[in-house]
Amino acid sequence: MGKMEAALDAHFWDQEIASPASLDGQVKALPGDPMPLRLVESSKLPRPQQLLFLHRFANLPVLPSYVADGGGVALERVLACVQGWNWWAAITGQFRVQKYISVRKHNKSENIQPSAGSEQSNPFKYLFNQSLYALGFCSRIWFGRRTSLVASSEHSGNDKGWRARAVVHHKLQHHDVCMEASWHERYVQTQGSSWDVPLSISLDLGSLRSTSGLRYRLGIHHNCETPQEHGSIDNAEIPWVASPGLCAKAAISFEKHIVLWKNQIKEEMWEKPKKPYNLCFSRPHVIMSGIIGKIFSSQFLISLFVFHNSLVK
């Protein structure tokens, strides 16, 4: 049943994929692409919290990662972390070791006999290269039990500007509301290319997850500017889902579970000193399940909006 839910969620703009290309540890997939594998799905745990856990409990001062567009192997560490009773904030730094070695080798090959005191003879001079570093900020604030704000920003020496994102989650009695605004958000495709969307705004409303019954989700997304290609494919065609304009989508699914037979738990099991690890799995049962879903998209409205913008310009 989880595969059907993942397939429906893959048509929206908040499908996250675990990737070292961002200091947050995750990038987003373009809607309409096949759903990501379980191994690359985002864990929903912020990257700074993962690093702090390894720093404190595994005694790892730095954590290695591989950044393809950053030159190779890099080292990451939480530089600072502060917290309060309803908020926390962290600053993460990254140093690209493999790129530092490559820059040194490249400069040595150009100047075989460096003079004393020159930049090539001093290895510490290369540390001032901004492309070797990346800096990120992440924070979360809770406004009561139902509302939270997640803000993150990062800057890499290879990029021209900052990338930032702000997400507001609000829980209703039977629904979840999510509002998101991002600047230069990076989206990836299954072909291997990635796109930087300068400015995007989205609003989602979804019913709470349940084991059985009706589930639906509504979403509105707006791209304000033309995305820029960031992948390895040259002159790649801009996907229509990333084009400037307004997009509205709706997903609906119905799931039903029918219990054919379930063994009753004996009272003696609760009185035993050594109980099973999972009482649900230790209880034999036979269940028949089924799920059906459908996606609705406003592709025609998007084409009209993009066409209108082209006429105005």
Side-chain angles (χ1 to χ4, degrees), residues 1-17 26-38 40-42 44 146-150 165-183 185-191 195 197-227 237-257 289-310:
M1 300 304 169
K3 294 183 178 180
M4 174 62 74
E5 295 181 358
L8 296 177
D9 293 338
H11 289 268
F12 289 83
W13 285 85
D14 61 346
Q15 184 67 39
E16 296 176 344
I17 301 176
Q26 59 190 11
V27 294
K28 292 190 176 182
L30 283 176
D33 284 358
M35 62 179 182
L37 300 176
R38 293 294 183 182
V40 298
E41 283 187 357
S42 176
K44 306 300 181 181
R146 296 180 177 269
T147 308
S148 64
L149 169 65
V150 180
R165 181 196 307 171
V167 185
V168 177
H169 293 277
H170 182 70
K171 293 184 179 181
L172 301 176
Q173 185 175 2
H174 301 290
H175 299 84
D176 283 337
V177 181
C178 178
M179 296 175 288
E180 179 176 350
S182 58
W183 294 264
E185 183 69 46
R186 182 163 298 176
Y187 294 88
V188 297
Q189 282 185 292
T190 55
Q191 294 85 353
W195 301 87
V197 179
L199 178 60
S200 61
I201 303 172
S202 62
L203 174 63
D204 286 330
L205 173 67
S207 59
L208 297 179
R209 295 180 180 270
S210 59
T211 56
S212 181
L214 183 67
R215 179 173 176 259
Y216 53 89
R217 181 178 178 184
L218 307 174
I220 300 176
H221 185 89
H222 178 57
N223 288 336
C224 301
E225 299 181 20
T226 305
E237 183 180 358
I238 299 178
W240 67 268
V241 292
S243 301
L246 183 65
C247 174
K249 288 190 176 184
I252 184 173
S253 63
F254 183 80
E255 183 176 354
K256 184 64 177 178
H257 298 274
S289 303
I291 185 173
I292 185 173
K294 178 64 177 177
I295 291 287
F296 303 92
S297 177
S298 60
Q299 300 179 10
F300 183 68
L301 294 178
I302 296 176
S303 60
L304 286 180
F305 188 84
V306 175
F307 180 70
H308 175 71
N309 287 345
S310 61

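The shown structure was predicted, so the numbers you read here are calculated from the model rather than taken from an experiment.
Atom CZ in R186 sits 13.0 Å away from atom CD1 in I17 (nearest 0.5 Å). C178 SG to R217 CZ: the interatomic distance, rounded to the nearest 0.5 Å, is 8.0 Å. Residue H222 holds its NE2 atom at 9.5 Å from OG of S200, rounded to the nearest 0.5 Å. Summarising the geometry, atom CG belonging to N223 is positioned 6.5 Å from atom OH belonging to Y187; distances are rounded to the nearest 0.5 Å. In this structure, I201 CD1 and I220 CD1 are separated by 12.0 Å, a value rounded to the nearest 0.5 Å.
Across all non-hydrogen atoms, the minimal contact from Q26 to E16 is OE1-OE1, 3.0 Å. Smallest separation of non-hydrogen atoms from G219 and F12: N-CE2, 3.9 Å. Between P227 and P198, the shortest heavy-atom distance links the atoms CA-CD, 4.0 Å.
H221 meets the ring-ring contact (aromatic ring centres under 6.0 Å, His included) test with W13; sequence neighbours excluded. Here Y216 pairs with H175, S207, L214, I252 under the side-chain contact (heavy atoms from CB on, under 4.5 Å) rule; sequence neighbours left out. In terms of the side chain to side chain donor-acceptor pair (under 3.5 Å) criterion, residue partners of R165 (sequence neighbours excluded) are, by chain and number, E185. The side chain to side chain donor-acceptor pair (under 3.5 Å) test applied to S148 returns no partner, not counting sequence neighbours. Residues passing the side-chain contact (heavy atoms from CB on, under 4.5 Å) test with V168, sequence neighbours excluded: T147, L149, M179.
Considering only heavy atoms from C-beta on, L203 stays 4.5 Å or farther from L218 through its side chain. Within the 4.5 Å cutoff, no side-chain heavy atoms of D176 are placed close to those of H169.
Panel note: side chain R146, backbone H170; no donor-acceptor pair is recorded below 3.5 Å.
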